[in-house]
Amino acid sequence: MPNESMTKPIVTIVQHIREKQRAFPTATGDLSWILSGIALATRIIQSYVRRAGIADVLGEVGTTNVQGELVQKLDIVANETILRCLGYRDIVGIMVSEEDDEPTIVKSPTGQGKYIVLFDPLDGSSNIDVNVSIGTIFSVLRCRDDLPESEGATPHCLQPGVKQVAAGYVVYGSSTVLAYTTGNGVHMFTLDPSFGAFVLHTENIRMPDQGKMYSVNEAYLDSFPSGVQDYLAWAKTPESGGYGLRYIGSLVSDFHRTLLKGGVFMYPPTAKNPDGKLRLLYEANPLSFIAEQAGGAATDFKQRVLERQPDSLHARTPLLMGSKSEVERVMGFMN
Ligand code: AHG
Ligand code: MN
Ligand code: MN
């Protein structure tokens with residue numbers, strides 16, 4: 001008797017998004033075309049990640065990027081792979097990368113290029129050389145239709161997270177997992193390396209509403225806001241019922257665990273990063289969209305991340321996200 005995996009339908013990302021989009025008469029299949037470009041790029045990136053030590057993609061390039069961070073070889077490989085896989089797709093007008101100072105205009109935003117793809121090509125770069133899970137994060141916006149050509153690309157990109165039409169991430173972990181949302185639930189796929197396709201395994205993921213787990217780099221405890229310090233002190237007392245701490249140091253992996261197991265992830269303001277370290281457009285916004293679509297919450301310790309108006313391409317934001325009741329609990333300590 002064949003087991004269930006031999007009888008369950010094989011649904012790839014393009015099929016899935018097309019099925020989901022059928023419910024929207026105005027859907028044009030554009031998003032499935034963009035998602036298939038991202039799926040292609042991340043299949044190529046994971047092939048380098050799995051061979052990093054022998055594909056000569058470990059270590060630093062010797063330069064620093066616009067973030068002031070040392071660029072890893074794999075950052076560049078991932079960045080160039082995404083640009084090459086998406087740049088050719090006629091509906092992509094602008095691409096924004098953590099690794100590039102300025103947006104890349106691939107098609108005129110007032111012409112064919114209707115969409116903007118914003119991405120962190122390789123998240124968790126400090127973990128590459130020690131073989132710890134890393135990932136790719138992406139966000140999709142529509143170009144604005146109220147801007148003259150003369151305005152250039154950046155004003156099209158500075159839209160709040162509520163304007164996203166799609167978002168997702170890929171975790172290059174013990175397996176390669178892709179999660180995406182177009183505002184119609186969060187759906188998760190695993191790459192089947194035997195034939196190189198992402199195959200659907202869970203639709204409409206729900207983030208557990210509770211979670212006795214917090215994820216934060218407590219090395220910066222002294223410079224956290226006092227409300228965060230009070231929450232972390234409370235979590236260590238018997239009255240809290242006992243919490244666990246998990247911190248991988250790759251946002252995408254810490255988020256993926258929080259999405260599946262519940263709890264809370266925090267990158268608060270610190271002395272070194274008074275506006276937080278994580279970038280709004282291609283880290284916080286896409287993961288906040290996913291968190292909310294899964295029934296969780298995401299704030300900047302004051303307001304919904306998705307309502308934050310970006311003032312620059314690489315703007316940073318404090319980030320508090322996870323199970324709704326846990327985020328509310330931290331916010332309670334903040335107030
Ligand atoms: P990136 O590698 O894209 O620069 O992102 C690294 C980020 C994020 O992945 C992670 O949550 C955070 O840096 C870890 O920062 P600390 O080492 O300061 O904890
Ligand atoms: Mn990152
Ligand atoms: Mn990165």
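The shown structure was predicted, so the numbers you read here are calculated from the model rather than taken from an experiment. Remember, it's 1-based here, ligands and their atoms both numbered in the order they're listed.
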| query | For the Mn ion (ligand 3), does an N/O/S atom of Leu122 lie at less than 2.8 Å? | reply | yes
| Atom of Asp120 nearest the Mn ion (ligand 3) (restricted to N/O/S, atom name only) | OD1
| Glu98: its N/O/S atom lying closest to the Mn ion (ligand 3) (atom name) | OE1
| field | Atoms of ligand 1, numbered as shown, that sit under 4.0 Å from any heavy atom of Ser125 | value |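 Close to Ser125: 2 (O).
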Hey, is [X] one of the residues with a heavy atom under 4.0 angstrom from ligand 1?
X: Leu122; value: yes
X: Glu283; value: yes
X: Lys272; value: no
X: Asn273; value: no

Contact summary for [X] and [Y], nearest pair of heavy atoms:
X: Leu259; Y: Ala294; result: CD1-CB, 3.5 Å
X: Thr136; Y: Val252; result: O-CG2, 4.3 Å
X: Ile290; Y: Val186; result: O-CG2, 3.5 Å

In the protein, which heavy atom is nearest to [atom], and how far is it?
atom: atom 12 (C) of ligand 1; value: Lys277 NZ, 3.9 Å
atom: atom 10 (C) of ligand 1; value: Gly249 O, 3.3 Å
atom: atom 4 (O) of ligand 1; value: Arg279 NH2, 3.1 Å

| message | Classify the ring geometry of Tyr243 against Tyr214: parallel below 30°, tilted from 30° to 60°, perpendicular beyond 60°. | response | tilted
| message | Parallel, tilted or perpendicular: which one describes the rings of Tyr220 and Tyr267, with boundaries at 30° and 60°? | response |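 If you compare the ring of Tyr220 with that of Tyr267, the planes turn out tilted.
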Do any nitrogen or oxygen atoms of [X] lie less than 3.5 angstrom from nitrogen or oxygen atoms of ligand 1?
X: Val252; answer: no
X: Ser126; answer: no
X: Phe265; answer: no
X: Asp123; answer: yes

| message | Determine whether Arg308 and Gln303 satisfy the following criterion, side chain to side chain contact (heavy atoms under 4.5 Å, CB included), listing intermediate values before the conclusion. | response | CA-CA 7 Å; Arg308 205 173 151 101; Gln303 64 172 5; 3.4 Å; yes
| message | Tell me whether Glu151 is salt-bridged to Arg144, with the criterion being a basic N under 4.0 Å from an acidic carboxylate O. | response |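 The answer is no: the pair does not qualify as a salt bridge.
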| field | Shared hydrophobic cluster, Trp234 / Phe224 (ILVMFWY, side-chain heavy atoms < 4.5 Å) | value |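 Same cluster.
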| task | Return the name of the atom in Asp123, of element N, O or S, nearest to the Mn ion (ligand 2). | result | OD1
| query | Has Glu283 got an N/O/S atom less than 2.8 Å from the Mn ion (ligand 2)? | reply |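 Under 2.8 Å: Glu283 contacts the Mn ion (ligand 2) through an N, O or S atom.
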